[in-house]
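To keep things clear, I will list the structure first and then write my remarks on it.
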Amino acid sequence: MPDNLTRICNLKDNVGKIVTLGGWVYHCRPGGKVIFLVLRDGSGLCQCVIEKANITEELFDQLKHLSTESSLTVTGTAKKDARSTGGYELAVTDAKILCPSKDYPITPKSHGTDFLLKNRHLHLRSQKTWCIGRIRHTLIDAIRTFFNSNGFTLVDTPILTGIAGEEAGSLFEVDYFGQPAHLTQTGQLHLESATMSFGKVYCFGPTFRAEKSKTRRHLTEFWMVEPEVAFIDLDGLLELSENFVASLVTAVLKNNRAELQTLGADIEALKKITAPFYRLTYTEAVDILTSKKTVDFFATQLEDFKTQKQSLLKKIDSLQGESETANKQWKKDKLAAELIDARAELGEIEIKIENNPKHAELAVNFQWGKDLGGSNETIISMMHDKPVFVTHYPAAAKAFYMKQNLDNADIVNNFDMLAPAGFGEIIGGSMREDDYEKLLNKINAQEYDLENYQWYLDLRRYGSVPHGGFGLGVERTLAWLTGEKHIRQCIAFPRMTDKIMI
RNA sequence: UCCCCGAUAGCUCAAUUGGUAGAGCGAGCGGCUGUUAACCGCUAGGUCGUAGGUUCGAGUCCUACUCGGGGAGCCA
């Protein structure tokens, strides 16, 4: 095995030199005397041009029959060539096939989500999945960089725990040597304890929620980063989180422009994401939801959907007409393929048309006091071109630890950050109740077992200070940045409602 | 837990009011020196999710079940 392989991303520094690449066949287009083989090596794509005259006949025949995802090394001269995938190509003089790949299940044509998830171990090699993975890497690096360079100390909170952060009922139970325990739902409670040691801390790891939510923004295992700060107020938390999110966007724009383009992300919209973000109170948000503005919003949206549906129906009609009169077989085939795409699109629009009045009703009939639902957040989010803070939710709808507002006992000093373009919540955070009596009353009112919370109450017994923090969902943030519809695409091996594929 | 939709070739999907199971891609063989999801010709590939029912006849209609998708609730 050669140990002097050149990576495709470094070809630009090796133009004119003889190099060896190691990778997998992304595409292979064999000709009679020339083979165009696009090689994938994990750092990029490179078209390798194999001319029959330049290698042995035996090797040429072997390469000619090489199928997708076969592994090999190829040696040749690196050239700059605008016609080539990636801008550089290799004039091949030698190659060594390591493992031919027969009947690779993932083809260049479309596949269903179920099939791709069952083949996730192979789907990771696909271009789109690879691009998302690269951006995820940047995102996570930027998250750590932001906190590390702003005076935060990393504290690793336990994954196995006996204490619940939010309401129970959405916990994965585990048998811990005969004792009941569960997988962590948040590191927050432990983090509050660490804040009283370091002042500014964060934890970053997987989080587990046994919610049976079949939506595009739920996973049962996801990654969350949670900062916690002592001596801060709600305004301070908002500033921290908007500077934080803006820094993430900057890092991704700087490092992953090509990947964002491949994925079709809205780069111009991302460029606008700079602090400060918009600020709304929960009460203001409810006013918007129940206003004429929202009624109009849904009406306009419905009209758009209907227009789209009509033009799709027209397209399908004309495609069918063309198909009947087409005399060439290849023309018919092409039309058939277009018909399939148009029908799939039509199906999606019809679902949107069906959901529109349901979501409109949920918004218009919204009652002050309830938590904002996913579709409500989507509306608020779609009305803005930057992230929106929604603050001061009703206390009854929120977790016991959130700090009661001093002017209005019915609300808490908390906030959600909604990403724009309709993606919805990516951050949830709050000031924490630092008053011993008030916290004790909340725990009792929820009928939690007081024994379990004595250590948490200790934080309010010994030198309690105003403090707060928030949690940012990595996959949701990534879905927003990349324009992915579903967050299951934003983690290598997604875990969804009571199903583990691989 | 509730509501809606779906299951046909390895994959993505067609099949008129119930009447002989079809395409593209992928796979195999052949052709082509500049291809970009290449193209052209040929070949193989099916217990129509499972179990019942209606019918002369069911992929198509009815019932139940299994699995999947979307949404609600809940949330990052």
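First the proteins, then the strands, lettered A, B, ... as listed; each starts at 1.
- Rounded to whole Å, the separation between the C1' atoms of B:C39 and B:C32 comes to 9 Å.
- Among the nucleotides B:A38, B:G68, B:U12, the one closest to the side chain of A:H27 is B:A38.
- Using cut-offs of 30° and 60° on the angle between ring planes, the pair A:Y278 and A:H384 is tilted.
- A:L248 has its CG atom 14 Å from the C1' atom of B:A76, to the nearest Å.
- Contact check, A:H486 against B:G70: a side-chain N or O comes under 4.0 Å of OP1 or OP2.
- Summarising the geometry, the separation between CG on A:N414 and C1' on B:A76 is reported as 14 Å, rounded to the nearest angstrom.
- Looking at A:R217, its side chain has no donor and acceptor atom pair within 3.5 Å of the base of B:C74.
- Comparing A:L362 and A:E475 along RNA chain B, the residue whose closest nucleotide (by nearest heavy atom) sits nearer the 5' end is A:L362.
- With rounding to the nearest 0.5 angstrom, the CG atom of A:L362 is 12.5 Å from the OG1 atom of A:T294.
- Under the Watson-Crick and G-U wobble criteria, each requiring two contacts below 3.5 Å, nucleotide B:C56 is paired to B:G19.
- Checked against B:C29, B:G34, B:A76, the side chain of A:E425 finds its nearest nucleotide in B:A76.
- One N or O donor and one acceptor, one from the side chain of A:E89 and one from the base of B:G34, sit under 3.5 Å apart.
- Note: CZ (A:F36) to C1' (B:U35) measures 5 Å, nearest angstrom.
- A:H123 has its NE2 atom 13 Å from the C1' atom of B:C11, to the nearest Å.
- Between the side chains of A:Y401 and A:Q188, at least one donor-acceptor pair of N or O atoms lies under 3.5 Å.
- Comparing the P positions of B:A15 and B:U20 gives an interatomic distance of 15 Å, to the nearest angstrom.
- Atom-to-atom distance recorded for A:N413:CG and A:H392:NE2 is 4.5 Å, nearest 0.5 angstrom.
- Residue-level contact check: A:D416 touches neither bases nor backbone, having no heavy atom under 4.0 Å from any strand.
- Nucleotide B:A64 has B:U50 as its partner under the Watson-Crick or G-U criteria, with both atom distances under 3.5 Å.
- Comparing B:C11, B:G69, B:G34 by their closest approach to the side chain of A:V49 singles out B:G34.
- As judged by a 4.0 angstrom heavy-atom cut-off over every strand, A:G112 is placed among residues touching the sugar-phosphate backbone only.
- Residue A:I351 is in sugar-phosphate contact alone, with no base atom involved, counting any heavy-atom pair closer than 4.0 Å across all strands shown.
- A:L219 comes within 4.0 angstrom of a base, heavy atoms only.
- Distance check on atom C1': B:G70 versus B:A14 gives 23 Å, rounded to whole Å.
- For A:N355, the listed nucleotide lying nearest its side chain is B:G70; candidates were B:A76, B:C11, B:G70.
- Here A:R209 does not reach the OP1 or OP2 of B:C75: none of its side-chain N or O atoms lies under 4.0 Å away.
- Under 4.0 angstrom from either OP1 or OP2 of B:G28 there lies at least one side-chain N or O belonging to A:K102.
- In a base pair of the Watson-Crick type (N1 to N3 plus N6-O4 or O6-N4) or a G-U wobble (N1-O2 and O6-N3), with each distance short of 3.5 Å, B:G26 is matched with no nucleotide.
- Looking at heavy-atom distances under 4.0 Å, A:S375 makes contact with sugar-phosphate atoms alone, never a base.
- Atoms OH and CE, on A:Y393 and A:M402 in that order, are 9.5 Å from each other to the nearest 0.5 Å.
- Nucleotide B:A9 forms no Watson-Crick or G-U wobble pair with any nucleotide shown, as no partner meets the under 3.5 Å limit on both distances.
- Annotation: B:C48 and B:G10 have their P atoms spaced 12 Å apart (nearest Å).
- B:G24 and B:G57 have their P atoms separated by 34 Å, with the value rounded to a whole Å.
- In this structure, the nucleotide among B:A38, B:A76, B:G34 sitting nearest to the side chain of A:M224 is B:A76.
- A:I35 has its CD1 atom 13 Å from the P atom of B:G30, to the nearest Å.
- A:E354 comes within contact range of the sugar-phosphate backbone alone, with a heavy-atom separation under 4.0 Å but no base atom that close.
- For the C1' atom pair drawn from B:C5 and B:G52, the interatomic distance equals 24 Å after rounding to whole Å.
- Applying the 4.0 Å criterion to OP1 and OP2 of B:G34, one finds that A:R29 has every side-chain N and O outside that range.
- Here the straight-line distance linking atom NZ of A:K52 with atom CD1 of A:I50 works out to 13.0 Å at 0.5 Å rounding.
- For the P atoms, the distance from B:G26 to B:A38 is 7 Å, rounded to whole Å.
- Side-chain N/O atoms of A:H359 include one lying less than 4.0 angstrom from OP1 or OP2 on B:A72.
- With centroids closer than 5.5 Å and planes inclined by less than 30 degrees as the test, A:F222 and the base of B:A76 pass as a stacked pair.
- The distance from atom CG of A:D103 to atom P of B:G10 is 12 Å, rounded to the nearest whole Å.
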Item to complete: Would you please test A:F147 and A:F244 for ring pair (Phe, Tyr, Trp, His ring centres under 6.0 Å) and show each step?
Response: CA-CA 8 Å; A:F147 290 120; A:F244 170 56; 4.7 Å; yes
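- Comparing B:C4 with B:C42, their C1' atoms sit 46 Å apart, to the nearest whole Å.
- One N or O donor and one acceptor, one from the side chain of A:H218 and one from the base of B:C75, sit under 3.5 Å apart.
- The side chain of A:I487 lies closest to B:A76 when the candidates are B:A76, B:G71, B:G34.
- As a whole-Å value, the separation of A:K485 NZ from B:G71 C1' is 16 Å.
- At a cut-off of 3.5 Å, with distance as the only test, no side-chain donor of A:Y282 or A:N414 sits close to an acceptor on the other residue.
- Heavy atoms of A:G31 sit under 4.0 angstrom from at least one base atom.
- For the pair A:I106 CD1 and B:C11 C1', the interatomic distance rounds to 10 Å; values are reported in whole Å.
- The side chain of A:F115 lies closest to B:C11, out of B:U33, B:C11, B:G34.
- Under the 4.0 Å criterion applied to side-chain N and carboxylate O atoms, A:E484 and A:R488 are not assigned as salt-bridge partners.
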